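Values in this document were obtained by computation on a predicted structure and should not be read as measured data. We name chains A, B, ... by the order of the sequence lines, and we start the count at 1 in each one.
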There are 2 protein chains.
Amino acid sequence: MKLSTRGRYGTKVLLDLALYQGVGPVLLKDISRRQRIPLHYLEHLIAPLIAGGIIRSSRGAKGGIWLVKSPAEIRLSKVILLLEGSIAPAECVTNPKLCESADACVTRDVWLEMENAMNEVLESITLQHLAERHKSKEQLKEKMYYI
Amino acid sequence: MKLSTRGRYGTKVLLDLALYQGVGPVLLKDISRRQRIPLHYLEHLIAPLIAGGIIRSSRGAKGGIWLVKSPAEIRLSKVILLLEGSIAPAECVTNPKLCESADACVTRDVWLEMENAMNEVLESITLQHLAERHKSKEQLKEKMYYI
DNA sequence: TATAAAGTTGATGATTTTAGTCAGGAATAG
DNA sequence: CTATTCCTGACTAAAATCATCAACTTTATA
Ligand code: FES
Ligand code: FES
């Protein structure tokens with residue numbers, strides 16, 4: 001039940017954009033360095049995010065990528081959907097035709113419940129939440145250091 | 001975020017055992033046929049279930065496998081844990097040492113919330129629940145046919 | 001006790017997915 | 001024009017997944 005690096009890296013990319021929001025285009029190179037994501041791999045990760053309409057990009061000097069909407073409007077459910085596709089624990093949850101009698105299958109119901117539980121979590125968290133949590137952890141760290 | 005066949009097949013195996021509980025050892029061959037699981041693959045799936053103490057087996061003629069405890073005592077969380085290991089969406093949720101500053105990482109917190117949400121679902125469902133759901137679906141099907 | 005019936009174990013292989021690399025191309029600011 | 005930056009598709013190495021097979025051990029029972 002592991003998420004692939006696409007979902008994990010991608011979430012970090014968007015958190016990074018939320019933290020640097022409003023300062024113009026953010027360089028992939030900088031995101032790559034800050035979030036420890038190989039640059040050439042990162043280049044591939046942003047494609048679905050652009051296609052999904054949550055970030056935009058500009059090439060050339062002073063180029064980069066940035067959030068299209070405010071961080072408060074972007075939910076992790078959307079992010080994960082764009083990067084990983086359906087999060088369901090089994091193919092047949094999303095596509096019932098794959099199993100012959102999906103409506104009679106009780107294990108499928110379980111996987112569906114799991115998917116719903118995960119989606120509730122992801123639906124409830126926005127990029128703004130992530131950014132706020134991050135900042136509050138940073139502050140805590142500074143305080144700890146002061147003591 | 002897919003479950004592997006180990007978890008999916010394994011759950012079906014245990015549901016099958018719950019349905020045929022009390023009638024003595026159940027043949028792997030029969031489970032294989034009823035649940036559409038390749039016999040040779042099934043043979044490997046039961047090893048962790050035996051090691052985990054939720055089923056027992058007997059070799060030779062009149063052999064087979066059976067549940068050690070009552071279906072009401074076996075939760076899916078246990079089953080999935082035995083067959084898939086930790087269900088966490090990222091390695092570092094279970095093993096924080098893998099990332100250098102796991103306690104400062106907000107994405108890790110998200111993956112942890114997802115794991116907890118899934119575990120709540122799996123913890124709340126026992127084999128008895130599964131068996132009951134299955135039987136009630138069967139009855140519904142018969143009624144539909146009668147109409 | 002011989003025999004057939006079952007589960008057990010370890011080796012092996014095919015296929016698919018994942019994670020990453022690379023080279024070349026296209027757009028943009030200055 | 002040129003340096004910079006994102007874009008795209010092809011490619012590859014490694015890992016995970018999903019089995020299959022053969023040899024072996026245990027057990028019931030005729
Ligand atoms: S496993 Fe697909 S419907 Fe049961
Ligand atoms: S702690 Fe592992 S990804 Fe952040």
Side-chain angles (χ1 to χ4, degrees), chain A residues 1-13 16-17 20 24-33 35-52 54-68 80 83-87 89-92 98, chain B residues 1-13 16-17 20 23-33 35-52 54-68 80 83-87 89-91 98:
Chain A
M1 283 296 284
K2 296 290 170 283
L3 226 40
S4 73
T5 52
R6 292 171 59 85
R8 288 186 282 119
Y9 286 174
T11 305
K12 286 190 171 185
V13 169
D16 198 277
L17 288 182
Y20 287 83
V26 181
L27 289 180
L28 291 188
K29 202 199 313 174
D30 290 342
I31 301 175
S32 164
R33 180 175 34 77
Q35 306 297 334
R36 316 278 173 92
I37 302 169
L39 177 58
H40 288 308
Y41 196 42
L42 177 53
E43 288 172 336
H44 284 45
L45 292 184
I46 61 173
L49 299 177
I50 294 173
I54 67 181
I55 69 174
R56 274 196 169 170
S57 66
S58 166
R59 305 196 216 197
K62 304 268 176 178
I65 64 176
W66 63 93
L67 294 178
V68 170
I80 298 297
L83 290 164
E84 301 261 346
S86 166
I87 210 179
E91 240 6 281
C92 59
L98 292 176
Chain B
M1 282 297 284
K2 296 290 169 284
L3 226 39
S4 74
T5 51
R6 291 170 60 84
R8 287 185 283 120
Y9 286 173
T11 306
K12 285 191 171 186
V13 169
D16 199 276
L17 287 181
Y20 288 82
V23 304
V26 181
L27 290 179
L28 292 188
K29 203 199 313 175
D30 291 340
I31 301 176
S32 164
R33 180 174 36 76
Q35 306 297 333
R36 315 276 172 93
I37 302 170
L39 178 57
H40 288 308
Y41 195 45
L42 176 54
E43 288 168 339
H44 286 337
L45 291 184
I46 61 172
L49 298 177
I50 294 173
I54 68 181
I55 70 174
R56 274 196 171 168
S57 65
S58 167
R59 305 198 217 197
K62 304 266 177 180
I65 65 176
W66 64 92
L67 293 178
V68 170
I80 297 297
L83 289 164
E84 301 261 345
S86 166
I87 210 179
E91 237 10 279
L98 292 177

Original post:
Once you round it to whole Å, what is the distance between C1' of D/dG9 and NE2 of A/H44?
Top reply: 7 Å
**OP:** Decide whether B/Y41 and B/T5 meet the rule of one side-chain donor and one side-chain acceptor closer than 3.5 Å.
**Re:** yes
Subject >> CD1-CD1 distance between B/I87 and B/I80, expressed to the nearest 0.5 angstrom >> reply: 6.0 Å
Original post:
Take atom OH in B/Y9; do more than 12 heavy atoms of anything else shown fall under 6.0 Å from it?
Top reply: yes
**OP:** Could I get the full list of side-chain hydrogen bond (donor to acceptor under 3.5 Å, both in side chains) partners for A/R33, not counting sequence neighbours?
**Re:** A/D30
Subject >> Value in whole Å for how far the P atom of D/dT12 lies from OH of A/Y41 >> reply: 18 Å
**OP:** Ignoring backbone atoms, test whether B/Y9 places a side-chain nitrogen or oxygen under 4.0 Å from the OP1 or OP2 oxygen of D/dA19.
**Re:** yes
Subject >> Which nucleotide in D/dT5, D/dT27, D/dT20 has an atom nearest any side-chain atom of B/H40 >> reply: D/dT20
**OP:** Please examine the side chains of B/L39 and B/E43, heavy atoms only from C-beta on, and report whether any two atoms are closer than 4.5 Å.
**Re:** yes
Subject >> Within 6.0 angstrom of B/E91 CD, more than 12 heavy atoms from elsewhere >> reply: no
**OP:** Calculate the interatomic distance between B/K2 atom NZ and D/dC18 atom P; express it in whole Å.
**Re:** 12 Å
**OP:** Would you kindly compare A/A61 and A/R6 by the position of their nearest DNA chain C nucleotide and give the one closer to the 5′ end?
**Re:** A/R6
Subject >> Separation between CG of A/L3 and NZ of B/K2, rounded to the nearest 0.5 Å >> reply: 10.5 Å
**OP:** Would you mind reading off the distance between A/L27 atom CG and D/dT5 atom P, rounded to a whole angstrom?
**Re:** 5 Å
**OP:** Using whole Å, report how far CD of A/E43 lies from C1' of D/dC6.
**Re:** 7 Å
Subject >> Whole angstrom value for the distance that separates P of D/dT5 from CD1 of A/I31 >> reply: 13 Å
Original post:
Which part of the nucleic acid, if any, lies within reach of B/I50 when heavy atoms closer than 4.0 Å are counted: base, sugar-phosphate only, or nothing?
Top reply: sugar-phosphate
Original post:
Start at the 5' end of DNA chain D and walk down; is the nucleotide closest to A/K62 or to A/A47 reached first?
Top reply: A/K62
Original post:
Nearest of D/dT20, D/dT27, D/dC7 to any side-chain atom of B/P38?
Top reply: D/dT20
Original post:
Just how far, in rounded Å, is P of D/dC18 from CG of B/L83?
Top reply: 12 Å
Original post:
Which nucleotide of DNA chain C is the first, and which the last, in the 5' to 3' direction, to come under 4.0 Å of a heavy atom belonging to chain A?
Top reply: C/dA19 to C/dG30
Original post:
Within this structure, what is the CG-to-C1' distance between A/L45 and D/dC6, rounded to whole angstrom?
Top reply: 14 Å
Original post:
For DNA chain C, whose closest nucleotide is more 5', that of B/L39 or that of A/G60?
Top reply: B/L39
